[in-house]
Visitor: 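The following block contains the structure, expressed as structure tokens.
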Amino acid sequence: MCARYSLRPVMPRLLEWFDLDPETEFEAQPVVAPTNVVPVVLARADGTRGVRRFRWGLLGPGESGGTGHINARSETVFEKPSFRESAQRRRCLMPATAFFEWGGEGKARRPYRFEWSDRAPLAFAAIWSPPAAVELPATCCLLTTDPNALVARIHDRMPVILDRDACAIWLDPDAPRPLLEAVCRAADPERMAMAEATREETLPPRGGPDVQGSLF
DNA sequence: CCAGACGTTGTT
DNA sequence: GTCTGG
DNA sequence: CCAGACGTTGTT
DNA sequence: GTCTGG
């Protein structure tokens, strides 16, 4: 499970990595928790990409409250009634710079940070759902898969992280389902770094996520 | 995932 | 302990 | 505790 | 992942 990630200021590298217009407005959000509104990347009708702000926590049709689903199993996302329509028609990417998993038991339990060794941006495979009312944000959730050898030291699941080619496939509305399922695999552990994280870097700031966003 | 708040009964 | 919000 | 299902609308 | 039933 992944219930906390980080989106640090790495512009314009991130805009370039995601093939976004250099003028795109994009907020950093060093600590992202469920229910926070986060930037997501999706494909426009003309094939170009844009950024929108969705609430992390997928709500079903008509639902307007609660946490919602923050993760969906990639192995079953095209089958489960709660997810399949979004998986088929509403795929998106959730940009990040790191994600966190907790390991240990009791008092020794602590967060670990995972990121690319070269600090490249992470692209989580994600799906989204339209809002129950026009004034509400759409909601999204990220897909999970079995962990690679590095993450497996800490946890039994990890986010699906896509490389640039896989991102293009994931955002292609016409991509065949077997191909979509094929890109949902664990990232190469040789390219990833794991480090003990501080409690502070996983604590959402008081006052809500809006106060931490820095525009640049 | 963590952090924080928590009900009622009824008084060391 | 359990629930809720972030 | 584990095992199993997982909403609703409405029909490719 | 989460909830419910047994």
Side-chain angles (χ1 to χ4, degrees), chain A residues 1-7 27-40 53-90 94 96-115 122 124-133 136-147 151-161 173-174 176-177 184 186 194-213:
Chain A
M1 179 187 190
C2 179
R4 202 73 94 251
Y5 68 91
S6 179
L7 179 56
E27 309 81 34
Q29 208 163 307
V31 182
V32 178
T35 72
N36 290 173
V37 173
V38 299
V40 302
R53 280 82 189 167
F54 290 167
R55 199 201 72 138
W56 184 19
L58 194 80
L59 298 175
E63 290 183 317
S64 56
T67 302
H69 289 94
I70 63 172
N71 300 138
R73 293 177 68 90
S74 61
E75 298 91 335
T76 56
V77 71
F78 289 95
E79 304 290 349
K80 299 301 182 187
S82 303
F83 300 127
R84 62 190 180 202
E85 187 177 334
S86 290
Q88 286 161 191
R89 300 169 39 200
R90 293 189 295 266
M94 292 168 66
T97 53
F99 67 92
F100 300 90
E101 301 289 357
W102 275 256
E105 292 297 327
K107 208 174 180 182
R109 193 164 178 78
R110 56 193 322 322
Y112 292 81
R113 181 182 60 254
F114 295 89
E115 58 198 329
L122 304 172
F124 297 143
I127 58 178
W128 62 279
S129 183
L136 296 173
T139 59
C140 61
C141 80
L142 63 84
L143 273 56
T144 62
T145 188
D146 285 333
V151 179
R153 294 165 58 182
I154 300 302
H155 196 63
D156 65 351
R157 301 292 289 173
M158 70 179 289
V160 172
I161 303 165
D174 300 318
R177 182 170 141 185
C184 290
M194 177 180 86
E196 290 191 354
T198 62
R199 200 64 81 177
E200 184 181 42
E201 66 183 301
T202 65
L203 279 178
R206 296 174 58 77
D210 293 344
V211 304
Q212 64 174 324

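These numbers come from the heavy atoms of this one structure, side chains and all, not from hydrogens, waters or symmetry mates. Below, read A as the first sequence line, B as the second, and so on, with proteins coming before strands; counting in each chain starts at 1.
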Visitor: Give A:I70 one of three labels, base, sugar-phosphate or nothing, depending on what nucleic acid heavy atoms sit under 4.0 Å from its own.
Guide: nothing
Visitor: Return the set of residues passing side chain to side chain donor-acceptor pair (under 3.5 Å) with A:R177 (not counting sequence neighbours), or none when no residue passes.
Guide: A:E79, A:E181
Visitor: Please tell me which of the listed nucleotides, C:dG6, B:dC2, D:dC6, lies nearest to the side chain of A:P34?
Guide: C:dG6
Visitor: Roughly, in whole Å, what's the span from CH2 in A:W102 to P in B:dA3?
Guide: 8 Å
Visitor: Would you mind telling me which of D:dC6, B:dC2, C:dG6 lies closest to the side-chain atoms of A:S82?
Guide: D:dC6
Visitor: Roughly how many Å apart are C:dT4 and B:dT8, using the P atom of each and rounding to a whole number?
Guide: 15 Å
Visitor: Take the protein atom CZ of A:F99 and the nucleotide atom P of E:dG1, then report the distance between them rounded to whole Å.
Guide: 13 Å
Visitor: What pattern of brackets, bars and dots sums up DNA chain B from 5' to 3', given Watson-Crick or G-U wobble pairs under 3.5 Å, [ ] for crossing pairs and | for another strand?
Guide: ||||||......
Visitor: Check the distance between C:dG6's C1' and A:R199's CZ and give it to me in whole angstrom.
Guide: 16 Å
Visitor: Do the ring centers of A:Y5 and A:W56 come within less than 6.0 Å of each other?
Guide: yes
Visitor: Considering only side-chain heavy atoms of A:L203, which listed nucleotide, B:dC1, B:dA3, E:dG1, is closest?
Guide: B:dA3
Visitor: Just the rounded figure in Å: distance from P of D:dT12 to CD of A:Q88.
Guide: 14 Å
Visitor: Strictly below 4.0 Å: does A:R84 bring a side-chain N or O up to OP1 or OP2 of D:dC6?
Guide: no
Visitor: Side chain to side chain donor-acceptor pair (under 3.5 Å) with A:E200: which residues, sequence neighbours excluded?
Guide: none
Visitor: Who pairs with A:T139 by side chain to side chain donor-acceptor pair (under 3.5 Å), at least two apart in sequence or on another chain?
Guide: none
Visitor: Under a 3.5 Å distance rule, please check whether A:S86 uses its side chain to pair with a backbone N or O of A:W128 as donor and acceptor.
Guide: yes
Visitor: As a test of reading the structure: which of B:dC1, D:dC6, C:dG6 is closest to the side chain of A:K80, going by heavy atoms?
Guide: D:dC6
Visitor: Once side chain to side chain donor-acceptor pair (under 3.5 Å) is applied, do any residues pair with A:T144, and if so which ones, sequence neighbours excluded?
Guide: A:R157
Visitor: Do A:F54 and A:S129 have side chains that approach each other closer than 4.5 Å (heavy atoms only, starting at C-beta)?
Guide: no
Visitor: In whole Å, I'd like the distance from the NE2 atom of A:H69 to the C1' atom of E:dC3.
Guide: 9 Å
Visitor: For A:L59 and C:dG5, give me the distance from atom CG to atom P, rounded to whole Å.
Guide: 12 Å
Visitor: In whole angstrom, give me the gap between the P atoms of C:dG1 and D:dA3.
Guide: 23 Å
Visitor: Does C:dG6 have OP1 or OP2 sitting under 4.0 Å from an N or O in the side chain of A:R4?
Guide: no
Visitor: Quick one: list whatever passes salt bridge (Lys or Arg N to Asp or Glu O under 4.0 Å) with A:R113, sequence neighbours left out.
Guide: A:E115, A:E201
Visitor: Reckon A:R73 touches a base, only the sugar-phosphate, or nothing at all at heavy-atom distances under 4.0 Å?
Guide: base
Visitor: Please report the distance separating the C1' of D:dC1 from the corresponding atom of B:dC2, rounded so that it comes out in whole Å.
Guide: 24 Å
Visitor: Rounded to whole angstrom units, what separation is found between the CD atom of A:E85 and the P atom of D:dT12?
Guide: 13 Å
Visitor: Rounded to the Å, how far apart are A:R110 CZ and B:dC1 P?
Guide: 17 Å
